[in-house]
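Numbers restart at 1 for each chain; the letters A, B, ... are given by sequence-line order, proteins then strands.
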Protein chains: 2
Amino acid sequence: MKRDSRLSSVLHALLHMAEHDGPMTSDDLAKCLGTNPVVVRRSMGFLRQAGIVASDRGHAGGWRITADLSVVSLRQLHDALGEPALFAVGNRNELPECLVEQTVNAALDQSFAEAEALLLKRFGEITLADLAADFTLRHAARRNQRET
Amino acid sequence: MKRDSRLSSVLHALLHMAEHDGPMTSDDLAKCLGTNPVVVRRSMGFLRQAGIVASDRGHAGGWRITADLSVVSLRQLHDALGEPALFAVGNRNELPECLVEQTVNAALDQSFAEAEALLLKRFGEITLADLAADFTLRHAARRNQRET
DNA sequence: CGAATCATAACTATTGATGTTACATGAAGC
DNA sequence: GCTTCATGTAACATCAATAGTTATGATTCG
């Protein structure tokens, strides 16, 4: 399967929205992301269900952020997207009768569970506000670099 | 993409080989794993390149473990398989010009790097000998349970 | 020689995200 | 009201990588 980049995509979209006054249309966002507006609607639709964004139709419509940037974590976005599988590697058979395979699964499951817990913990610690602040820093740094 | 279960598969195969006297054919292993002998040869071929197993053709041929069980870690097996991507989730674009996307990537990369480091560390700590020992315990436990 | 077995190429199946096209629905402006 | 702009959604094509299958060749041993 292709790599799932929806979390990356919605973060990119949300940060553009945060830096932009007024709503942004799916077409605007699709151009930012280099993709198709339908793809944008699909992913953003999940965030709407989670109450993170809202959409308006018609003239001057589009997407806007309704939640507080400092409250929305990457973890919440991941959950809003339906908690897609994080790992590309896994057990061949989840409920094997074979005792050998049960042994193998137990070892792998343990390792994956620890890595997943750490990843979700990190996701829980990073908010949209953190990313917006980091962006501001990077933006300023780029300006300084240009001026020298 | 389909979930990559090659690490799980070769572990299952190696543990059966460890419990079995003499070489096992690709057909034997395919039956244990519930798959096709060609699939077995494909995965085991990587382990042969890494010097972990050897194969013999002809009568009484098949696969045998050539390395010390206490030396081969899950990490080595993962490496032998070509270090396939561990995560199903990732950045939409690895080298974006857009500063917003760079900000998003940096945050995600950091989190994924930490989780990957932990996972590989765990993989490095678990050897085939550990799994074989765990299997022995499970085997004994099942026997006891039957007898009660 | 002949059977057993690996080696390998070529092809199909699978799976889920991604991309695209088409059309319906609703809101704002004239 | 009509047109335009926008989302909502269905339907289908594309893609990428493993997994599975078939077929054929190459070795080894009795």
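Distances shown here put every side-chain N or O of Ser26(A) at or beyond 4.0 Å from the OP1 or OP2 atom of dA6(D). Dashed line: the shortest gap from a side-chain N or O of Ser55(A) to OP1 or OP2 of dT7(D) is not under 4.0 Å. Phosphate proximity of dT18(C) to Ser5(A): present, with a side-chain N or O under 4.0 Å from OP1 or OP2. Dashed line: the shortest gap from a side-chain N or O of Thr35(A) to OP1 or OP2 of dG19(C) is under 4.0 Å. Applying the 4.0 Å criterion to OP1 and OP2 of dC6(C), one finds that Arg41(B) has a side-chain N or O inside that range. When the side-chain nitrogen and oxygen atoms of Arg92(A) are compared with OP1 and OP2 of dG20(D), one or more of them lie within a distance under 4.0 Å. OP1 and OP2 of dG8(D) both lie 4.0 Å or more from every side-chain N or O belonging to Arg57(A).
Looking at Asp79(A) and Gln76(A), their side chains never bring a donor and an acceptor atom within 3.5 Å of each other.
Contact annotation for Gly62(A): backbone-only contact, meaning every heavy-atom pair under 4.0 Å involves sugar-phosphate atoms and none involves a base. Arg6(B) comes within contact range of the sugar-phosphate backbone alone, with a heavy-atom separation under 4.0 Å but no base atom that close.
Thr103(B) pairs in a side chain to side chain contact (heavy atoms under 4.5 Å, CB included) with only one of the listed residues (Asp130(A), Thr136(A), Leu137(A), Asp134(A)), which is Asp134(A).
One interatomic measurement links the two molecules: CZ of Arg42(A) to P of dC12(D), which rounds to 14 Å at whole-angstrom precision. At whole-Å resolution of the value, CG in Asp56(B) and C1' in dA26(D) are 15 Å apart. Whole-Å rounding puts the Asp4(A) CG to dT15(C) C1' distance at 13 Å. Across the protein-nucleic acid pair, Glu83(A) atom CD and dG16(C) atom P stand 17 Å apart, rounded to whole Å. The distance between atom CG of Asn36(A) and atom P of dT18(C), rounded to the nearest whole Å, is 12 Å. Rounded to whole Å, atom P of dA7(C) lies 10 Å from atom CE of Met44(B).
Annotation: of the two residues near DNA chain D, Gly61(A) and Ser9(B), the 5′-most nearest-nucleotide partner is Gly61(A). Looking at which nucleotide of DNA chain C each of Gly34(A) and Ala60(A) is closest to, the 5′-most match is held by Gly34(A). Across the interface with DNA chain C, nearest-nucleotide mapping of Val39(A) and Gly58(A) shows Val39(A) to be the residue nearer the 5′ end.
Taking the side chain as every heavy atom from C-beta outward, Gln102(B) and Cys98(B) never approach each other to under 4.5 Å.
The minimum heavy-atom distance between Asn93(B) and Asn105(B), with the atom names listed, is O-ND2, 2.8 Å.
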